Amino acid sequence: SLSTRLQDVFKTLRGESRLTPENIEAALREIRLALLEADVNFKVVKAFVDRVRDRAMDAVTNKDTLRGLGPSQEVVKIVRDEMVALFGNAEGGLQATTKRPRVILMLGLQGAGKTTTSGKLAMWLKTQGKHPLLVSTDVKRPAAIQQLNVVAEKVGVRVHDPAGEMNPVTRAKGAVAEATTLGFDVVIVDTAGRLHIDDELMAELVAIKNVTDPSDLLFVADAMTGQDAIKSAGEFNAQVGVTGVVLTKMDGDARGGAALSVVSVVGVPIAFVGSGERLEDLEPFHPERVVSRVLG
Amino acid sequence: ERRTRPVDVETVEALEELLISADIGVAATTRIIAAVTKQSRNGASLRDLVKQEIRAVFAAVDRPSTVAVHPQVTLIVGVNGTGKTTTVGKLANLLKSQGKTPLICAADTFRAAAVEQLEIWANRAGVDMVRAREGADPAAVVFDAITSGKAKGRDPILIDTAGRLHTRVNLMNELDKIKRIAAREVPGAPHDVLLVLDATVGQNGVAQAREFMSVAGVNGIVLTKLDGTAKGGVAVAIAHDLRLPIRYVGVGEGINDLVPFSADDYVDSLFE
Ligand SMILES: Nc1nc2c(ncn2[C@@H]2O[C@H](COP(=O)(O)OP(=O)(O)OP(=O)(O)O)[C@@H](O)[C@H]2O)c(=O)[nH]1
Ligand SMILES: Nc1nc2c(ncn2[C@@H]2O[C@H](COP(=O)(O)OP(=O)(O)OP(=O)(O)O)[C@@H](O)[C@H]2O)c(=O)[nH]1
Ligand SMILES: [Mg+2]
Ligand SMILES: [Mg+2]
């Protein structure tokens, strides 16, 4: 764990009892390694370490060493606090909106968990007394529409699935129209996985967004993603816009550094966490838990 | 001699950033950089030495030798969403074009529309598929597929399995059971156990490889989604630490988007 590693660092610095510029640098080297091993993006690590250095140097100059904490504990506390602050104090969950119906657009790379999360969200909303309508705009992946249909049936929610309609934009628009007509208060739009470097598919996503006017654009990201997280999240945000992140497969043992990278680059909170394959496995985001995991 | 030193340092830092950004990992990057900075240059750039070093890592890993047993049984495993089902479809198509007679086994009896997804791929590849009888468990489908394959002279038998996190003990035990059933039906089966890894995976990919190797006997890797911006650098650490070869690379969502791994192409792409 980072605490143990920093303890070792300070031990080898001849048992120093307070922070100094020298031992701070030694600690920062260890922090950098720990964060890179936890899959936090290289650039995000650099910016983060700089911030920790500033805070630690403040502590040295202001002599405001926290009572009862040794230097290694002091640094750990600074790292923890900075990381929790980075994740923001936002509650997670969905955006406040007056739009009716509320439209939630699911976006992300192939295999991240969008279709499964669409079902989980529908279940979550249903238990809150909402009436969600699901629609798949994935006309490409074999049996994608069928997958969402099966998921919807398990949750007990309606799907908008016009037979023979293979235009993703038309499918999305039709779902919003049906929701308006029949009084559904939420539409969850599942989209096909796509690469952020695929111009044609990114344009399709923007077209779907334009006909549905979503209040929530959820970037669904796999918790085990490595350095690439900053690229994909950054591009989706730049080209389409992202209001929240869903971090999936958090029930594994990936350190989850991608969480830090994604939030840093898109500047929006983690809205939900996927913690399993069942439709019940959707949780609100707890910054402290993810921080403990990243720090190891 | 002295004047080249500062330039070296700058290049070393740039190379470290490149390797770490490719998900090669801190440990492997440190080892590679240490190895090349010790070497005599002979006019080669530091970059060329790094490429050479990584190529050597892959060259040191042998492909498993093909066993002369038929039908060959290939098991496709990995965590959720990495591209297993798509890879089975592509692989069936590729092997058929090479004159083989593959049979697909739909052993993911759990996920919504998993069998339907694989069936569409089987149809596209022009290959038969064996699916579960009502309520059958994955090992039973594997048994059925091998029985059918033997009877009809199909070879190899490609088994698609459900995605599973390596931390789920009961799901990993299910793979062990599949292995044992296959071994009972064909000597040495499964002859190939391919771990499908998503190129976007971070250091957890090494843990996945370690665990799937220990429980399911993984002897090769398929690295998917290399058509994206991710470099799949964990494959370098996996080749070095676990001596697992990359067999194939996925470069898209179409049926022809599966190619045999080339270390030269891979190393070149790291520096693009
Ligand atoms: N363990 C675990 N598995 C998950 C989680 N979320 C999704 N999955 C699994 O991940 C795999 C991929 O999920 P999908 O919902 O099909 O992913 P997708 O983003 O819709 O995929 P594409 O449409 O192909 O881009 C499936 O096996 C899901 O069951 C999670 O939080 N934990
Ligand atoms: N761009 C790209 N996408 C791929 C590649 N291989 C698979 N995919 C996509 O990744 C997504 C997941 O593929 P699947 O074959 O369903 O993955 P899986 O491992 O079988 O998923 P589970 O069975 O749910 O664990 C699909 O959208 C595929 O089209 C690839 O090489 N490149
Ligand atoms: Mg999907
Ligand atoms: Mg599958």
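In what follows, chains carry the letters A, B, and so on, assigned in the order in which the sequence lines appear, proteins first and then strands, with residues in each chain numbered from 1. What you see is a predicted model; the values in this text were computed from it and never measured. In what follows, every heavy atom counts, from backbone to side chain, and hydrogens, waters and symmetry copies are set aside.
- The side-chain heavy atoms of B/S21 and A/K43, taken from C-beta on, include no pair separated by under 4.5 Å.
- At least one side-chain heavy atom of A/D251 sits under 4.5 Å from a side-chain heavy atom of B/L165.
- Checked by atom type, the side-chain pair A/D39/B/N204 shows no donor-acceptor distance below 3.5 Å.
- Atom CG of A/D228 sits about 9.0 Å away from atom CG of B/D198, to the nearest 0.5 Å.
- The number of heavy atoms from other shown groups lying within 6.0 Å of CZ (B/R31) is above 12.
- Taking CD1 from B/I20 and CD from A/E37, the interatomic distance works out to 9.5 Å, rounded to the nearest 0.5 Å.
- For B/V26, the part sitting under 4.5 Å from any heavy atom of chain A is the side chain, from C-beta outward, and nothing else.
- With sequence neighbours left out, B/Q203 forms a side chain to side chain donor-acceptor pair (under 3.5 Å) with no residue at all.
- When heavy atoms are compared at a cutoff of 4.5 Å, A/D198 does not approach chain B at all.
- Of all residues in residues 111-118 of chain B, those placing a non-hydrogen atom less than 4.5 angstrom from a non-hydrogen atom of chain A are B/R111, B/A112, B/A113, B/E116, B/Q117.
- Looking at A/R141, the atoms closer than 4.5 Å to chain B (heavy atoms on both sides) all sit in the side chain, from C-beta outward.
- Between A/Q227 and B/D23 the shortest heavy-atom distance is N-OD1, 2.9 Å.
- Using a 4.5 Å cut-off between heavy atoms, A/L148 does not touch chain B at all.
- At a 4.5 Å heavy-atom cutoff, the contact between A/E277 and chain B is made by side-chain atoms alone.
- Within residues 114-121 of chain A, no residue has a heavy atom under 4.5 Å from a heavy atom of chain B.
- A/L109 is listed as a side-chain neighbour of B/T200, based on a closest heavy-atom distance under 4.5 Å.
- The stretch residues 227-238 of chain B places B/D227, B/G228, B/T229, B/A230 near chain A, each with some heavy atom under 4.5 Å from a heavy atom of that chain.
- Most heavy-atom pairs under 4.5 Å with chain A: of the set B/G205, B/A27, B/G83, B/G81, this distinction falls to B/G81.
- Within 6.0 Å of atom CD in A/E153, 12 or fewer heavy atoms from other residues, nucleotides or ligands are found, so the atom counts as exposed in its surroundings.
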